[in-house]
2 protein chains.
Amino acid sequence: MESPVTDAPETDGPRARAKRESLRRILVAASARLRREGLEGAAIAPVMKAAGLTHGAFYAHFRDKDELAVAAFRQAFATERERWIGATRDRSWPARARRLAARYLTARHRDDPGAGCAFAALATDAARAPDAFRAAYGQELRATLAAIRGAPDDDPMRPPPLDHAAAMLALCVGGLSLARAVNDPELSERLLSACRDAAERLAQADAAAAPPD
Amino acid sequence: MESPVTDAPETDGPRARAKRESLRRILVAASARLRREGLEGAAIAPVMKAAGLTHGAFYAHFRDKDELAVAAFRQAFATERERWIGATRDRSWPARARRLAARYLTARHRDDPGAGCAFAALATDAARAPDAFRAAYGQELRATLAAIRGAPDDDPMRPPPLDHAAAMLALCVGGLSLARAVNDPELSERLLSACRDAAERLAQADAAAAPPD
DNA sequence: TGTTTCGCATGATGCGCATCATATGGAATC
DNA sequence: GATTCCATATGATGCGCATCATGCGAAACA
């Protein structure tokens with residue numbers, strides 16, 4: 001269970017501190033490269049170089065490449081889940097959904113996968129990845145769905161059903177992935193706006209199907 | 001523009017016929033492997049072996065690996081667009097959309113990417129692929145959206161707007177991709193059914209927003 | 001029938017990559 | 001202050017891959 005993420009105490013010598021700092025730089029570099037280049041593309045040597053180290057130092061931090069992939073994937077969410085999902089204080093599901101789609105389905109997000117959502121960046125890669133990675137993908141997905149819903153099930157606020165959050169995220173991930181896959185700028189823009197609009201319609205239909213209170 | 005697909009005349013000797021037959025086998029093998037293993041995974045030697053040839057014969061059919069990828073991608077749609085989109089004769093958009101989602105978002109489709117939709121199998125790979133591949137992706141996407149809509153714009157049947165078809169496909173592609181990425185069978189199943197249900201709600205909202213006649 | 005063509009096979013070549021073996025130099029420990 | 005760690009660097013090793021060079025044999029053609 002213990003993954004080599006930055007979860008160590010602060011109280012130790014410059015030796016351990018330096019190692020933790022190295023690990024942090026490795027994870028930052030890896031999580032960006034992973035999202036930009038994919039699971040196969042994020043090679044060890046370039047990642048280590050980007051972290052200011054050489055390839056040999058890698059094995060002081062991780063057992064193998066797969067372990068790095070899992071840690072870097074998790075790092076991406078530790079850093080930026082809030083940024084895309086946002087703990088919005090909006091009460092109604094349509095308002096929350098509109099906000100999610102408006103943040104997620106943008107040209108800016110499409111054009112900077114290295115800083116964006118790892119679900120969209122790695123969806124098809126994950127399907128071909130080893131079990132440990134797919135397990136992490138599932139756990140982060142569950143956590144993200146919980147964040148989208150925004151309140152525990154027994155909260156008087158009545159969060160949207162898990163299924164509604166899941167479909168909304170699927171719409172966003174699918175729209176962003178297609179918009180990235182396509183060369184034609186007009187079609188790409190059209191995909192983003194079509195999905196933004198559809199998110200709005202869908203959330204309103206969701207609300208009608210499961211009234212807020 | 002001339003891509004080396006099977007579009008040659010039937011009237012020539014056994015020499016050309018044999019070559020066309022080889023090409024066909026290469027494309028079939030490549031399009032399955034491409035969807036199963038991704039752009040990087042579909043290596044030349046294994047594909048040629050699966051086609052009953054050796055790696056050396058490859059360059060009699062394609063200039064390089066990228067050209068094969070484009071041809072194999074197109075092949076996937078030439079063969080199986082009908083299968084997922086289906087030229088359904090249903091008149092209403094909700095009925096058409098329900099049918100699309102019911103065919104697309106299945107465990108069978110999820111578990112056999114080699115025979116499934118190439119959009120979902122290669123979405124994130126395409127974002128990192130060379131321009132020629134991305135251009136093909138866009139063209140096939142446009143053609144697929146037209147098939148989903150089912151009628152030309154000036155048809156009295158009033159097809160759903162392009163944007164509605166695009167969002168519906170994004171929902172399907174996103175749902176299938178997430179369901180494949182995840183390890184947990186329960187979550188995976190949940191994603192499929194959540195998106196099927198959402199497709200239904202969305203299509204009904206679509207119909208309300210743009211009445212059929 | 002002799003010559004040319006060309007689809008295919010065999011066998012390099014070279015590169016990028018993951019991983020390992022070994023060395024080093026400065027903390028940590030006594 | 002001497003010894004032990006250990007994070008890092010350097011430099012193999014071996015593999016998979018794309019691509020190219022070369023040869024063969026049967027069809028195409030004169």
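The chains referred to below are lettered A, B, ... by the order of the sequence lines, with proteins before strands, and numbering in each begins at 1. Note that these values count all heavy atoms, side chains included, but never hydrogens, waters or copies made by symmetry.
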Enquirer: Going by the salt bridge (charged side-chain N to carboxylate O under 4.0 Å, His left out) test, which pairs reach into residues 119-128 of chain B, not counting sequence neighbours?
Expert: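 For residues 119-128 of chain B, and leaving out neighbouring residues, the salt bridge (charged side-chain N to carboxylate O under 4.0 Å, His left out) pairs sorted by first residue read Asp125(A)-Arg128(B), Arg128(A)-Asp125(B).
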Enquirer: In whole angstroms, how far is the P atom of dT8(D) from the CD1 atom of Ile44(A)?
Expert: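 One finds 15 Å between P of dT8(D) and CD1 of Ile44(A), rounded.
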Enquirer: Checking Phe133(B) now: which residues fulfil ring pair (Phe, Tyr, Trp, His ring centres under 6.0 Å) with it, not counting sequence neighbours?
Expert: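 Phe133(B): ring pair (Phe, Tyr, Trp, His ring centres under 6.0 Å) contacts with Phe73(B).
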Enquirer: Just report the end-to-end axis angle for the helix from dT1(C)-dA30(D) to dC30(C)-dG1(D), five pairs per end, to 10 degrees.
Expert: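 Overall, the helix from dT1(C)-dA30(D) to dC30(C)-dG1(D) bends by 0° from one end axis to the other.
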Enquirer: Sequence neighbours left out, what pairs pass side chain to side chain donor-acceptor pair (under 3.5 Å) with at least one residue falling in residues 26-37 of chain A?
Expert: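 Passing the test, one end in residues 26-37 of chain A: Ser31(A)-Arg35(A), Arg35(A)-Glu80(A).
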Enquirer: Who are the salt bridge (charged side-chain N to carboxylate O under 4.0 Å, His left out) partners of Asp184(A), not counting sequence neighbours?
Expert: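 Asp184(A): salt bridge (charged side-chain N to carboxylate O under 4.0 Å, His left out) contacts with Arg142(B).
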Enquirer: Under the rule for ring pair (Phe, Tyr, Trp, His ring centres under 6.0 Å), what residues qualify as partners of Phe58(B), not counting sequence neighbours?
Expert: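 Only Phe62(B) meet the ring pair (Phe, Tyr, Trp, His ring centres under 6.0 Å) criterion with Phe58(B).
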Enquirer: Tell me every residue that passes side-chain contact (heavy atoms from CB on, under 4.5 Å) with Asp197(A), counting only those two or more places apart in sequence or in another chain.
Expert: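 Scan of Asp197(A) (side-chain contact (heavy atoms from CB on, under 4.5 Å), adjacent residues dropped) gives Arg201(A).
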Enquirer: For Leu100(A) and Met168(A), run side chain to side chain contact (heavy atoms under 4.5 Å, CB included): C-alpha distance rounded to whole Å, both residues' side-chain angles, the deciding distance at 0.1 Å, then the answer.
Expert: CA-CA 9 Å; Leu100(A) 168 62; Met168(A) 192 60 64; 4.1 Å; yes
Enquirer: What residues, two or more places apart in sequence or in another chain, satisfy ring pair (Phe, Tyr, Trp, His ring centres under 6.0 Å) together with His55(A)?
Expert: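 Counting only residues at least two positions away or on another chain, His55(A) forms no ring pair (Phe, Tyr, Trp, His ring centres under 6.0 Å).
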Enquirer: How close or far is atom C1' of dG16(C) from atom NZ of Lys49(A), stated in whole angstroms?
Expert: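 These atoms are roughly 14 Å apart.
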Enquirer: Please report the distance, rounded to the nearest Å, between CZ in Arg20(B) and P in dG7(C).
Expert: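 Going from CZ in Arg20(B) over to P in dG7(C) covers 12 Å.
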Enquirer: In Å and rounded to the nearest 0.5 Å, what is the CZ to CZ distance from Arg110(B) to Arg180(B)?
Expert: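 Here the interatomic distance stands at 9.5 Å.
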Enquirer: For Tyr104(B), which residues count as a ring pair (Phe, Tyr, Trp, His ring centres under 6.0 Å) partner, sequence neighbours excluded?
Expert: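 Ring pair (Phe, Tyr, Trp, His ring centres under 6.0 Å) list for Tyr104(B), sorted by chain: His109(B).
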Enquirer: Would you name the heavy atoms of Ala179(A) and Ser188(A) that are closest together and state the gap between them?
Expert: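 Where Ala179(A) meets Ser188(A) most closely, the heavy atoms are O-OG, 2.8 Å.
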Enquirer: Between atom CD in Glu40(B) and atom P in dG16(C), what is the gap in whole Å?
Expert: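 After rounding, the reported distance stands at 14 Å.
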Enquirer: If you find the nucleotide of DNA chain D closest to Lys65(B) and the one closest to Ala16(B), which residue's nucleotide is nearer the 5' end?
Expert: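 On the 5' side of the pair lies Lys65(B).
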Enquirer: Checking all strands, does Tyr59(A) fall into the base, sugar-phosphate, or nothing category for heavy-atom contacts under 4.0 angstrom?
Expert: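 Base contact.
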Enquirer: In whole angstrom, give the distance that lies between atom CZ of Arg63(B) and atom P of dT19(D).
Expert: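 Computing the Arg63(B):CZ to dT19(D):P distance gives 10 Å.
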Enquirer: Using the 3.5 Å cut-off, write out each protein N or O paired with an N or O of nucleotides 10-12 of chain D and the distance between them.
Expert:
| unit_1 | atom_1 | unit_2 | atom_2 | d |
| --- | --- | --- | --- | --- |
| dG11(D) | O6 | His55(A) | NE2 | 2.6 |

Enquirer: Return the value, rounded to whole Å, for the distance between atom CD of Glu37(A) and atom P of dG16(C).
Expert: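 After rounding, the gap between these two atoms is 14 Å.
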Enquirer: Which part of the nucleic acid does Ala60(A) contact within heavy-atom distance under 4.0 Å: base, sugar-phosphate only, or nothing?
Expert: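 Answer is base: heavy atoms of Ala60(A) come under 4.0 Å of a base.
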Enquirer: dT8(D) phosphate, OP1 or OP2: any side-chain N/O from Ser22(A) under 4.0 angstrom?
Expert: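 It does, given that an N or O in the side chain of Ser22(A) lies less than 4.0 Å from OP1 or OP2 of dT8(D).
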Enquirer: Output a table of nitrogen or oxygen pairs between the protein and nucleotides 4-6 of chain D separated by less than 3.5 Å.
Expert:
| unit_1 | atom_1 | unit_2 | atom_2 | d |
| --- | --- | --- | --- | --- |
| dC6(D) | O4' | Arg15(A) | NH2 | 2.9 |
| dC6(D) | O2 | Arg15(A) | NH2 | 2.8 |

Enquirer: Using whole Å, report how far CG of Asp64(A) lies from C1' of dC20(C).
Expert: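 Result: 13 Å.
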Enquirer: Taking atom C1' of dT8(D) as reference, at what distance in whole Å does atom CZ of Arg25(A) sit?
Expert: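 Between C1' of dT8(D) and CZ of Arg25(A): 12 Å.
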Enquirer: Only counting residues at least two apart or in another chain, list the ones meeting side-chain contact (heavy atoms from CB on, under 4.5 Å) with Pro94(B).
Expert: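 Pro94(B) satisfies side-chain contact (heavy atoms from CB on, under 4.5 Å) with Ser92(B), Ala203(B), Gln204(B), Ala207(B) once adjacent residues are dropped.
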